[in-house]
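Just so it is clear: chains get the letters A, B, ... in the order the sequence lines come, proteins before strands, and each one is counted from 1.
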Amino acid sequence: MADDKDVLRDVWFGRIPTCFTLYQDEITEREAEPFYLLLPRVSYLTLVTDKVKKHFLKVMKAEDVEEMWFDFEGTSLKWHYPIGLLFDLHASNTALPWSITVHFKNFPERDLLHCPSNSVIEAHFMSSIKEADALKHKSQVINDMQKKDHKQLWMGLQNDKFDQFWAMNRKLMEYPTEEGGFRYIPFRIYLTMSDRPFIQKLFRPISTDGYTHTLGDLLKEVYPVAISNDDESKHYQVVIHGIEPLLETPLQWLSEHLSHPDNFLHISVIPTPSD
Amino acid sequence: MSDNAESPTETQKDEPSTPQQPTEDSGTADDKKKIDVLLKAVGDTPIMKTKKWSVEKGRTVQSLSQFISRFLKMEANEQLFIYVNQSFSPSPDQEVGVLFECFGSDGKLVLHYCKSQAWG
């Protein structure tokens, strides 16, 4: 049985082999070769693709280059969603490497937020952590931390430093023993076929009569469609970090071990591929 | 986000807020439902004459932010920061309905707004 701490490392070091290809209509001075990169599941596209930008800028004129953005099979990829979530949601059951198209023009204002600098990513990341702690601890833990501690969380993510990150993040994973868990679990459930971006609600990890809620309990409460089967087959896959955790897994454990660095459980519900 | 979106409607101060929706959450995403938002100014940011607004659940933070900026006649280059719980800044594409569900109290969502970063 894997040690729980090994799970934290496995989650942090998850990678997705990706092939970046320049959009055919971009204006280049000579042919652009595709660029291959291993993307960290737990990071954000605009934080880890400087090399991609440099590679394609070599064959382009400055005047033909605006803000870089990405799409996968026509779907604009939101940089403010973790990379692993984008993959699980849109490309789970496609062949590797993940083929992403790179654009430098016609930024899709309706679909994507702008990302002019890393400080925008940092602000977004820290806001997510604060929102998560508002749910877990009424913001008490994050507010008790100093500014330099907050900075350490960000630097840990930015520089891919597991130990540096977790030295601080472990505080956000603690809870009063008598409570048995966090106040509410920070989670978001993403659906491929839906108008709304995601489901997020208040949900306790431990019920008032001490019952430990599972992943299955959460889904039954907020999105029962995900776990309805007929006898023949499972219609949907419930995916976190590229795996389908057992529905019996305690939600508190999932929150402590399978959350993203932003302290949220990002859960994808995708249709089971028909063979 | 769309400028065609309907402006939030003002709630009458002395009347009860929008008709009571059933308290049981049916789980359906009905964008016609509205939630009550209370806007509070931070620091020396101008105070809105009308603070209570009835906003569609599906409205985004960015859309609401644009509405406040226009209402306060802010310059195009001026930024507006929105905070929930006086602690975090929601993503511009976040729906107010979700924020209300998770962080609403006493039947309303309190949002603080500021021209400069208040809670970093």
Decide yes or no for [X] and [Y]: does some side-chain heavy atom of the first lie under 4.5 Å from some side-chain heavy atom of the second?
X: A:Glu131; Y: B:Phe103; value: yes
X: A:Phe198; Y: B:Gln94; value: yes
X: B:Asp93; Y: A:His80; value: yes

Counting only heavy atoms from other residues, nucleotides and ligands, does the tally under 6.0 Å from [atom1] of [X] exceed 12?
X: B:Asp106; atom1: CG; result: no
X: A:Lys105; atom1: NZ; result: yes
X: A:Asn106; atom1: CG; result: no
X: A:Tyr184; atom1: OH; result: yes
X: B:Lys115; atom1: NZ; result: yes
X: B:Ile47; atom1: CD1; result: no

Counting only non-hydrogen atoms closer than 4.5 Å, does A:Leu113 touch chain B with its backbone (N, CA, C, O), its side chain (CB onward), both, or neither?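 Interface part for A:Leu113: side chain.
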What is the distance from atom OG of B:Ser91 to atom NZ of A:Lys78, rounded to the nearest 0.5 Å?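 Nearest 0.5 Å value for the OG-NZ distance: 9.0 Å.
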Please find the pair of heavy atoms, one from B:Glu95 and one from A:Pro197, that lie closest to each other, and give the distance.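 Heavy-atom minimum between the residues: OE2-CD, 3.3 Å.
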Where is the tightest heavy-atom contact between A:Ser127 and B:Phe88, given as atom of each residue plus distance?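 Heavy-atom minimum between the residues: O-CB, 3.7 Å.
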